[in-house]
**Q** 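Dropping the structure in here first, questions after.
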Amino acid sequence: MIDQKQSWRQRVDPIVFFITGAIAIGFVVWGLVSTPSLGSASSSAQDWVITNTGWFFVLMSTFFVLFVIWLAASKYGSIPLGEEGEKPEFSAVSWIAMMFSAGMGIGLMFWGVAEPLSHYASPPPGTSKGQTDEAMQTAMATTMFHWALHPWAIYAVVGIAIAYGTFRKGRAQLISSVFRPLIGARTEGPIGRVIDILAIFATLFGSAASLGLGALQIGSGLQFNGWVDSPGKVVLVAVIVLLTIAFIASAVSGVAKGIQLLSNVNMVLALVLAGFVFVAGPTLLILNLLPTALGDYASQMTEMASRTAASGDSAMKDWLAGWTIFYWAWWVSWTPFVGMFIARISRGRTIRQFVTGVLIVPSLVSLVWFAIFGGTAIDVQRKTGELVGNGGSVNTDSALFAMLEQLPITSVTTVLVMVLVGIFFVSGADAASIVMGTLSEKGSIEPSKRTVIFWGTVMGGVAAIMLVIGGDDALNGLQAITIVAAVPFVLVMAVMCVALVKDLRTDPMVIRGQLGKEMVEGAVATGVEEHDGDFVLVVERSEADTTP
């Protein structure tokens with residue numbers, strides 16, 4: 001473990017820090033100097049990834065769901081992520097709030113209305129006709145597919161592996177440390193550093209994409225409220241700069257003070273907003289959508305999980321690039337920092353408790369959230385026809401504000417949305433900058449302030465560049481680079497599952513349980529054979545251990 005009293009030079013890993021820092025800064029400079037060439041390169045790379053590795057994203061995402069469920073249900077589920085008998089560091093409420101805020105809070109704000117409405121207006125190719133009752137069912141099922149079990153299972157893989165290695169085995173809190181059962185001490189050499197560098201890059205671009213989404217929505221809110229005429233690139237970059245300063249200030253205050261406070265405040269504000277929309281919106285429709293969406297999600301799971309470019313023509317390929325594969329890449333790119341952050345706050349819980357909390361609770365919250373916001377948006381569209389443009393187009397940046405305009409006290413709720421997005425922006429980037437600091441400082445749980453400030457600043461710069469290279473359709477720029485940056489880390493996660501199982505097999509609780517089972521079974525077999533079942537089991541010292 002890292003001594004927190006060491007100087008920055010002693011704590012930082014110069015290879016990981018300076019190589020990743022230099023490449024990240026080079027990316028920002030490339031975007032500033034030659035924006036068109038970076039945009040062209042990212043678009044071409046995205047097309048190659050979708051064509052050649054889309055199937056791998058689809059296959060592995062479902063594998064991760066099955067893997068973590070198996071872990072929880074197996075004999076490994078009772079293994080604690082810490083010392084035996086150790087109590088959890090955070091209460092259940094704070095644990096879930098921090099996990100949810102860091103895991104996908106800003107995404108729910110951006111896509112809560114936009115995604116169900118988009119699928120309702122233009123369902124996935126080959127499913128149903130737009131703006132029909134069948135389209136509503138398809139929309140809710142597809143949205144749940146992207147936001148429920150799959151993303152949280154992806155997070156859980158890294159979270160369990162990191163928490164087990166750090167708090168159970170006493171290893172450094174690094175992605176590379178998870179691979180010790182496979183490659184031994186080489187985790188501290190070049191191989192381990194490459195793994196940590198890939199983790200930082202995935203984190204950097206995945207979190208930057210989220211920051212970009214937040215900036216787009218805040219910019220739309222400023223325009224909607226008449227505070228700016230048009231949220232151009234200058235306004236969006238200014239939003240990113242201001243919020244970057246805010247999350248750096250929060251990050252250097254530490255997890256307990258910064259993220260926990262922000263997460264709890266955000267949870268209360270999000271509940272207030274959701275409660276208002278539930279009451280002011282089509283309450284009965286929302287209540288009916290809860291079981292319906294859950295049932296449709298379950299019944300269509302196999303079909304949705306098997307969609308690849310082979311499922312249709314170029315329309316399916318384009319749809320997957322904009323939705324499913326983008327999401328899987330986005331979640332994978334978030335796993336280093338969300339997984340490590342969830343591990344950081346989950347000490348003392350068992351693997352079964354971890355999986356239950358990480359997989360089930362956020363999925364149910366997502367179901368309620370999308371039923372409230374998506375159901376209300378679809379109802380508004382049915383009644384007014386004002387949320388969907390010609391050809392089934394939806395303005396994703398402003399969809400939430402357009403829906404709130406149809407409800408009472410719009411001036412209050414739209415400001416509340418921007419506050420929520422801002423705090424989600426800060427708390428998510430807060431966690432990401434701390435985790436990148438941890439990876440840069442050999443696993444330090446509390447990285448130095450200068451490292452956190454550096455990564456926070458670079459993250460803001462990358463987010464700004466990703467928006468700029470997207471041009472008029474900034475979302476495409478965010479999606480393209482996120483998908484490309486996530487590819488190497490999918491491979492890392494696949495091998496991570498193998499390393500984790502190998503590690504768990506040697507856990508003291510597993511060995512004790514296996515040994516006890518074998519000894520009891522052997523004793524019972526002997527008792528039945530020699531005493532015809534009339535026997536008792538006695539525990540006594542073995543001959544090999546008779547010395548004092």
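All of these numbers come straight from a predicted model, not from anything done at the bench. Below, each value reflects all heavy atoms present in this structure, side chains not excepted, and no hydrogens, waters or symmetry copies.
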**Q** Can you find a heavy atom in the side chain of Thr324 that is under 4.5 Å from one in the side chain of His150?
**A**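 Answer no - side chains too far apart.
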**Q** Where the side chain of Thr62 meets the backbone of Leu59, is there a donor-acceptor pair that is under 3.5 Å apart?
**A**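 No: the side chain of Thr62 does not pair with the backbone of Leu59.
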**Q** Keeping Trp55 on the side-chain end and Ile50 on the backbone end, is there a donor-acceptor pair under 3.5 Å?
**A**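 Answer holds: no.
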**Q** Using atom types as modelled, flag every donor-acceptor pair under 3.5 Å from a side chain in residues 191-201 to any protein atom, sequence neighbours excluded.
**A**
{"residue": "Arg193", "atom": "NE", "partner": "Asp13", "partner atom": "OD1", "Å": "3.2"}
{"residue": "Arg193", "atom": "NE", "partner": "Asp13", "partner atom": "OD2", "Å": "3.1"}
{"residue": "Arg193", "atom": "NH1", "partner": "Glu188", "partner atom": "O", "Å": "3.2"}
{"residue": "Asp196", "atom": "OD1", "partner": "Ile175", "partner atom": "N", "Å": "3.4"}
{"residue": "Asp196", "atom": "OD1", "partner": "Ser176", "partner atom": "N", "Å": "3.0"}
{"residue": "Asp196", "atom": "OD1", "partner": "Ser176", "partner atom": "OG", "Å": "3.3"}
{"residue": "Asp196", "atom": "OD2", "partner": "Ser176", "partner atom": "OG", "Å": "2.8"}

**Q** Between Thr438 and Ile434 (side chain of the first, backbone of the second, donor and acceptor by atom type, cut-off under 3.5 Å), is there such a pair?
**A** yes
**Q** Does a side-chain heavy-atom distance below 4.5 Å link Trp331 with Phe326?
**A**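 SC-SC contact between Trp331 and Phe326 ruled out.
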**Q** Between the side chain of Ser34 and the main-chain N/O of Trp30, is any donor-acceptor distance below 3.5 Å?
**A**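 Looks like no, no N/O pair under 3.5 Å.
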**Q** Would you check if Trp152 and Val68 make a side-chain contact, meaning some heavy-atom pair closer than 4.5 Å?
**A**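 A side-chain contact is absent here, since even the closest heavy-atom pair is not under 4.5 Å.
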**Q** Would a 4.5 Å heavy-atom cut-off, applied to side chains only, mark Phe454 and Ile25 as touching?
**A** yes
**Q** Parallel under 30°, tilted from 30 to 60°, perpendicular over 60°: which one fits the rings of His146 and Tyr327?
**A**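 Because their plane-to-plane angle lies in the 30° to 60° range, the rings of His146 and Tyr327 count as tilted.
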**Q** Quick one: does any side-chain atom of Ser40 pair with a main-chain N or O of Ser37 as donor and acceptor, under 3.5 Å?
**A** no
**Q** Between Ile160 and Val355, is any pair of side-chain heavy atoms under 4.5 Å apart?
**A**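 Side chain of Ile160 against side chain of Val355, heavy atoms only: contact under 4.5 Å found.
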**Q** Just say parallel, tilted or perpendicular for the rings of Trp319 and His119, cut-offs at 30° and 60°.
**A** tilted
**Q** What I want to check is whether the side chains of Ser346 and Trp95 have a donor and an acceptor closer together than 3.5 Å.
**A**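 The criterion, which ignores hydrogens and geometry beyond distance, is satisfied for Trp95 and Ser346.
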**Q** How far apart are the C-alpha atoms of Asp507 and Tyr164, what are their side-chain angles, what is the distance that settles it, and do they pass the side chain to side chain donor-acceptor pair (under 3.5 Å) test?
**A** CA-CA 10 Å; Asp507 188 87; Tyr164 180 80; 2.8 Å; yes
**Q** May I ask you to decide if Ala499's main-chain N or O and Asp503's side chain share a donor-acceptor pair within less than 3.5 Å?
**A** no
**Q** Please confirm whether the backbone N or O of Ile453 pairs with a side-chain atom of Thr457, one donor and one acceptor, at under 3.5 Å?
**A** yes
**Q** Looking only at atom types and distance, does a side-chain atom of Arg186 sit under 3.5 Å from a main-chain N or O of Ile183, one as donor and one as acceptor?
**A**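 Checking the backbone N and O of Ile183 against the side chain of Arg186, a donor-acceptor pair under 3.5 Å is found.
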**Q** In terms of side-chain geometry, is the basic nitrogen of Glu441 or Arg11 positioned less than 4.0 Å from the acidic oxygen of its partner?
**A**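 Yes, charged N to carboxylate O under 4.0 Å.
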**Q** Among Trp334, Phe145, Phe64, which residue meets the ring pair (Phe, Tyr, Trp, His ring centres under 6.0 Å) test with Trp328?
**A** Phe145
**Q** Tell me, do Trp330 and Ile483 make a side-chain contact under 4.5 Å, heavy atoms counted?
**A**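 Not in contact.
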**Q** Using a strict threshold of under 4.0 Å (side-chain N to carboxylate O), is an ion pair present between Glu83 and Arg168?
**A**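 So Arg168 does not pair with Glu83 through a salt bridge.
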**Q** Check whether any side-chain N or O of Thr350 sits under 3.5 Å from a backbone N or O of Gln353 as a donor-acceptor pair, and report yes or no.
**A** yes
**Q** Short question: side chain of Ser366, backbone of Ala148 - any donor-acceptor pair under 3.5 Å?
**A**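 No: the side chain of Ser366 does not pair with the backbone of Ala148.
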**Q** Carefully, step by step, assess Thr143 and Trp111 under the rule side chain to side chain contact (heavy atoms under 4.5 Å, CB included).
**A** CA-CA 9 Å; Thr143 301; Trp111 294 110; over 6 Å; no
**Q** Can you find a side-chain donor-acceptor pair between Ser44 and Asp47 that sits under 3.5 Å?
**A**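 Asp47 and Ser44 do not have a side-chain donor-acceptor pair below 3.5 Å.
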